[in-house]
Amino acid sequence: MRPLFLFLVAVAVLLTGCRKEDKPVYSGIMTINNKRAGVSPTYYIEGFHVPTGKKVPDLNNKLDIISVLSDYDVNFNPLKIIFITNNFKNSFYRYGQYSDTKSAEDAFNALTEFTEPVWTEIGDSVRINQIWIYRTSDSRYAKLRIISTILEKRPDMQDPYAECTFEWVFQPDGTKTFPPR
């Protein structure tokens with residue numbers, strides 16, 4: 001009985017003590033929107049944290065989170081979708097706009113390096129089949145291919161609902177070279 005007990009204790013120690021650390025995620029597909037979560041007075045939206053590849057609450061002005069918002073007229077009619085971030089420097093560059101999905105995919109896959117562009121504070125007029133380059137607060141880079149967008153009035157929201165689904169690749173080493181796909 002004693003050897004069985006010792007064996008079970010050893011197995012329990014091994015199983016609980018050997019946890020794998022999450023591997024960094026450097027590419028994938030993400031959907032973010034501007035639907036508020038939380039409770040008053042701490043409402044927030046979930047954004048895409050580029051260095052970790054995860055959807056996170058956009059609270060306390062954290063850096064390197066891409067959030068999506070809607071722009072609208074005085075009657076709350078939707079006009080366009082924009083990307084924002086809290087990096088304290090311009091972080092967005094629209095690399096290209098393509099006429100169809102295949103052209104956008106091909107351009108995204110072919111984008112393996114780029115030269116320093118003129119960055120903008122926001123990602124203005126986000127649309128399907130665009131490619132964006134994003135610069136983190138510590139000058140690392142991600143590329144995003146816009147797969148789909150939704151911009152519409154919804155009865156449960158004062159400002160128009162905005163949603164964006166994109167494919168992304170993050171370059172964690174700070175170079176302007178993305179891995180070939």
Side-chain angles (χ1 to χ4, degrees), residues 25-105 107-108 111 114 117-171:
V25 179
Y26 296 133
S27 64
I29 294 177
M30 178 64 64
T31 300
I32 56 176
N33 64 55
N34 67 332
K35 184 115 174 141
R36 290 187 183 121
V39 294
S40 181
T42 312
Y43 291 113
Y44 62 89
I45 59 175
E46 289 189 324
F48 173 63
H49 187 244
V50 177
T52 61
K54 295 181 181 179
K55 192 183 294 189
V56 298
D58 189 0
L59 291 168
N60 303 321
N61 293 320
K62 290 182 187 172
L63 299 177
D64 303 324
I65 297 174
I66 298 174
S67 298
V68 65
L69 296 177
S70 60
D71 189 18
Y72 45 87
D73 64 18
V74 295
N75 296 315
F76 296 98
N77 294 310
L79 299 175
K80 60 186 173 181
I81 294 174
I82 59 175
F83 283 143
I84 62 166
T85 193
N86 291 321
N87 283 353
F88 307 112
K89 64 180 174 180
N90 295 340
S91 295
F92 295 98
Y93 174 69
R94 183 175 27 226
Y95 180 80
Q97 171 73 54
Y98 303 90
S99 59
D100 58 70
T101 301
K102 177 78 168 103
S103 299
E105 285 176 350
F108 184 79
L111 175 56
F114 65 98
V118 176
W119 300 100
T120 58
E121 183 178 2
I122 63 171
D124 192 8
S125 301
V126 175
R127 293 189 184 100
I128 189 171
N129 297 325
Q130 289 178 337
I131 296 173
W132 289 85
I133 299 176
Y134 175 79
R135 175 175 60 172
T136 65
S137 60
D138 58 356
S139 295
R140 296 181 292 163
Y141 304 94
K143 62 179 180 176
L144 294 80
R145 178 179 64 88
I146 310 304
I147 297 171
S148 67
T149 61
I150 298 172
L151 179 61
E152 64 189 16
K153 278 188 167 185
R154 291 202 172 167
D156 62 331
M157 295 177 66
Q158 181 176 359
D159 49 333
Y161 176 79
E163 179 180 289
C164 182
T165 300
F166 51 88
E167 178 180 13
W168 61 277
V169 174
F170 178 54
Q171 177 52 282

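Count residues from 1 along the sequence. FYI, side chains are in, hydrogens and waters are out, and symmetry mates aren't considered; it's all heavy atoms of this structure.
Between L151 and P78, the closest heavy-atom pair is CG-CB, 3.4 Å. Smallest separation of non-hydrogen atoms from I65 and H49: CG1-CD2, 3.8 Å. The two atoms that bring I66 and L144 nearest to each other are CD1-CD2, 4.1 Å, heavy atoms only.
The distance from atom CD1 of I133 to atom NZ of K143, rounded to the nearest 0.5 Å, is 9.0 Å. We find the NZ-CD distance between K35 and E46 to be 12.5 Å, quoted to the nearest 0.5 Å. Atom CD1 of I122 and atom OG of S91 lie 12.0 Å apart (nearest 0.5 Å). Between atom CG of residue L69 and atom CD1 of residue I81 there is a gap of 10.0 Å, rounded to the nearest 0.5 Å. Note that OH of Y141 is 6.0 Å distant from CZ of R135, once rounded to the nearest 0.5 Å.
Without hydrogens or angle criteria, T149 side chain to C164 main chain gives no donor-acceptor distance under 3.5 Å. Counting only distance, with no hydrogens or angles, the side chain of Q130 and the backbone of S125 share a donor-acceptor pair below 3.5 Å. Side chain of Q97 to backbone of I128: a donor-acceptor contact under 3.5 angstrom is found. A donor-acceptor pair under 3.5 Å is absent between the side-chain atoms of S103 and the main chain of Y98, judged by distance alone. N34 places a side-chain N or O within donor-acceptor distance of the main-chain N or O of A162, the cut-off being under 3.5 Å.
You'll find the side chain of K89 stays beyond 4.5 Å of the side chain of W119, heavy atoms only. The side-chain heavy atoms of N33 and I150, taken from C-beta on, include no pair separated by under 4.5 Å. A 4.5 Å side-chain heavy-atom check between I147 and E167 finds at least one atom pair inside the cut-off. For the pair T136/L63, no side-chain contact is recorded, criterion being any heavy-atom separation below 4.5 Å from C-beta on.
Listed by chain and number, the residues in a side-chain contact (heavy atoms from CB on, under 4.5 Å) with Y43 are R36, S40 (sequence neighbours excluded). Annotation: side chain to side chain donor-acceptor pair (under 3.5 Å) contacts of R154 (sequence neighbours excluded): E152. Qualifying salt bridge (charged side-chain N to carboxylate O under 4.0 Å, His left out) partners for D138, counting only residues two or more places apart in sequence or in other chains: R140. In this structure T120 satisfies the side-chain contact (heavy atoms from CB on, under 4.5 Å) test together with F92, sequence neighbours excluded. Taking the salt bridge (charged side-chain N to carboxylate O under 4.0 Å, His left out) definition, one finds that D124 meets it with K80, sequence neighbours left out.
Using a 3.5 Å distance cut-off with no hydrogens or angles, the side chains of N77 and K153 do pair a donor with an acceptor. A side-chain N or O of D64 and one of N87 form a donor-acceptor pair less than 3.5 Å apart.
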**Q.** From CA spacing to verdict: side chain to side chain contact (heavy atoms under 4.5 Å, CB included), E163, V68
**A.** CA-CA 7 Å; E163 179 180 289; V68 65; over 6 Å; no
*Step by step, work out the side chain to side chain contact (heavy atoms under 4.5 Å, CB included) result for T165 and I29.*
CA-CA 7 Å; T165 300; I29 294 177; 3.8 Å; yes
Which is it for T101 and R145 under the side chain to side chain contact (heavy atoms under 4.5 Å, CB included) test, yes or no, and what are the steps along the way? CA-CA 10 Å; T101 301; R145 178 179 64 88; 4.1 Å; yes
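When each of V126, I32, I131 is paired with F166, the side chain to side chain contact (heavy atoms under 4.5 Å, CB included) condition holds for I32 and for no other.
Aromatic rings of F83 and Y134 (six-membered ring for Trp) have centroids beyond the 6.0 Å cut-off, not under it. In this structure, W168 has its ring center closer than 6.0 angstrom to the ring center of F48.
Listed by first then second residue, pairs satisfying ring-ring contact (aromatic ring centres under 6.0 Å, His included) with a partner in residues 50-74 read Y72-F76, not counting sequence neighbours.
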